[in-house]
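Have a look at the structure below before the remarks.
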Amino acid sequence: MDHHDGSVVPGPGGLRLRRWREEDLSALLEAYEDPAMRRWLATQVSGADGAAAWLAAQRRGWATGTRFAFAVTEAVPGTRQGGGRDGAPLGNIVLKRPDPRNDCSEVGYWTTAAARGRGVASRALAALTDWAFTEFAEQGLTRLELMHQVDNGASCRVAEKCGYALARVIPALPPDYPLDGHVHVREAPTAALSRPAGRRAEAAGTGGGRASGR
């Protein structure tokens with residue numbers, strides 16, 4: 001059963017995060033036609049059936065409380081922030097919590113070709129980070145990890161801009177992961193303050209899994 005609020009999460013500069021909808025199918029297919037999406041993402045979407053299956057997977061994630069995917073949109077001019085209509089998806093941003101008892105979760109994102117160069121990824125990541133630490137504070141969420149392939153400089157810059165420090169490098173695992181990966185970490189403000197000084201640096205080396213599909 002889905003216990004989480006599905007209302008819009010507002011972000012900086014008029015950005016809005018909301019759940020994916022059936023009517024987003026054509027926009028999803030268009031996004032995955034981008035060569036950059038085929039290069040960087042482990043999970044690929046092809047054809048109407050593939051897009052429908054991807055949308056269904058996002059609904060299941062919300063229902064089971066293990067994956068919270070948002071379409072990244074902007075408010076249509078003339079509507080109020082947090083209400084009214086929004087435009088076509090500019091990307092996807094997701095919080096993955098396969099084990100709700102774990103104090104660490106993974107975040108991931110992608111943006112459409114038309115949205116790049118406008119700070120959409122960093123604004124969406126900032127909004128999701130704040131939402132995650134607030135929404136799951138009582139469940140003990142204190143740390144978020146972001147993973148990307150080592151040669152994805154754009155993702156590295158987005159992570160660091162949003163306070164996700166580079167914590168470690170994970171080795172390549174061919175053929176699925178031909179290059180090393182970066183793991184960036186962001187701690188909840190209260191967790192960073194309460195952790196004993198000798199443990200703060202150590203936290204950056206805590207083990208984590210290989211990045212999964214976005």
Side-chain angles (χ1 to χ4, degrees), residues 20 25 27-58 60-61 66-72 89-99 102 104-126 128-129 132 143-187 201-214:
W20 285 90
L25 190 147
L28 181 66
L29 282 174
E30 182 178 353
Y32 271 89
E33 291 176 358
D34 177 20
M37 298 277 280
R38 293 194 291 271
R39 176 182 180 186
W40 298 119
L41 300 186
T43 299
Q44 295 296 313
V45 172
S46 177
D49 289 345
W54 188 91
L55 291 170
Q58 312 320 307
R60 287 194 302 272
T66 58
R67 182 181 179 92
F68 304 92
F70 292 91
V72 181
L90 302 175
N92 174 61
I93 192 156
V94 59
L95 173 75
K96 290 173 273 188
R97 283 180 61 75
D99 182 359
N102 198 326
C104 180
S105 292
E106 184 186 347
V107 298
Y109 66 87
W110 52 257
T111 54
T112 64
R116 292 173 201 145
R118 299 170 44 200
V120 169
S122 57
R123 286 185 285 148
L125 181 57
L128 181 77
T129 300
R143 195 169 67 148
L144 296 174
E145 291 188 343
L146 185 154
M147 306 182 193
H148 65 81
Q149 194 165 281
V150 68
D151 59 343
N152 191 340
S155 280
C156 209
R157 290 189 293 272
V158 168
E160 292 175 345
K161 183 176 181 179
C162 293
Y164 285 73
L166 178 61
R168 63 189 182 277
V169 176
I170 50 180
L173 192 63
D176 293 335
Y177 303 97
L179 298 178
D180 292 349
H182 280 180
V183 179
H184 294 260
V185 170
R186 169 81 182 266
E187 289 195 9
E202 181 183 331
T206 304
R210 175 72 63 170
S212 56
R214 305 295 179 231

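As a basis for the values below, the full set of heavy atoms in this structure was taken, side chains included, without hydrogen atoms, waters or symmetry mates. Computed from a predicted structure; not experimentally measured.
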side-chain contact (heavy atoms from CB on, under 4.5 Å) between C156 and H184, intermediate numbers included: CA-CA 8 Å; C156 209; H184 294 260; 3.5 Å; yes
Chi angles and distances behind the side-chain contact (heavy atoms from CB on, under 4.5 Å) call for V183, I170: CA-CA 7 Å; V183 179; I170 50 180; 3.9 Å; yes
side-chain hydrogen bond (donor to acceptor under 3.5 Å, both in side chains) involving T66 - partner list, sequence neighbours excluded: T64
L25 side chain reached by L55 side chain, heavy atoms, under 4.5 Å: yes
Side chains of V72 and T111 in contact at under 4.5 Å (non-hydrogen atoms): no
Which residues share a salt bridge (charged side-chain N to carboxylate O under 4.0 Å, His left out) with D99, sequence neighbours left out: R101
Student check: side-chain heavy atoms of L146 and L125 closer than 4.5 Å: yes
Sidechain-backbone polar pair: D180 side chain, A172 backbone, donor-acceptor under 3.5 Å: yes
Qualifying residues under salt bridge (charged side-chain N to carboxylate O under 4.0 Å, His left out), relative to R60, sequence neighbours excluded: none
Backbone of R67 reached by a side-chain donor or acceptor of Q58 within 3.5 Å: no
Within-4.5 Å side-chain heavy-atom neighbours: V158 and Y109: yes
CG on L166 to NE2 on H148, rounded to 0.5 Å: 7.0 Å
Residues that E33 engages under side-chain contact (heavy atoms from CB on, under 4.5 Å), provided they are two or more places apart: none
Which residues share a salt bridge (charged side-chain N to carboxylate O under 4.0 Å, His left out) with R116, sequence neighbours left out: D34
Contact summary for Q44 and M37, nearest pair of heavy atoms: NE2-O, 3.2 Å
Point-to-point distance, once rounded to the nearest 0.5 Å, from CD of E187 to CD of E145: 10.5 Å
Of all pairs that satisfy salt bridge (Lys or Arg N to Asp or Glu O under 4.0 Å), the ones with a partner from residues 147-161, not counting sequence neighbours: R39-D151
Any residue meeting side-chain contact (heavy atoms from CB on, under 4.5 Å) with T112, in chain and number order, not counting sequence neighbours: A31, W110, A114, A115
R97: partners by side-chain hydrogen bond (donor to acceptor under 3.5 Å, both in side chains), with sequence neighbours left out: S105, Q139
Interatomic spacing from CG in L144 to CG in L95 - rounded to 0.5 Å: 6.5 Å
Residues forming a side-chain contact (heavy atoms from CB on, under 4.5 Å) with A71, sequence neighbours excluded: R18, W20, T73, P89
Side-chain donor or acceptor of R186 paired with backbone N/O of C162 under 3.5 Å: yes
Residue pairs passing the salt bridge (Lys or Arg N to Asp or Glu O under 4.0 Å) test where at least one lies in residues 45-54, sequence neighbours excluded: none
Closest non-hydrogen atom pair between Y32 and R38, with its separation: O-NH1, 3.8 Å
Beyond-backbone contact of Q149 with Y177, side-chain heavy atoms, under 4.5 angstrom: no
Pair listing, side chain to side chain donor-acceptor pair (under 3.5 Å) test, anchored in residues 117-126, at least two apart: E74-R118
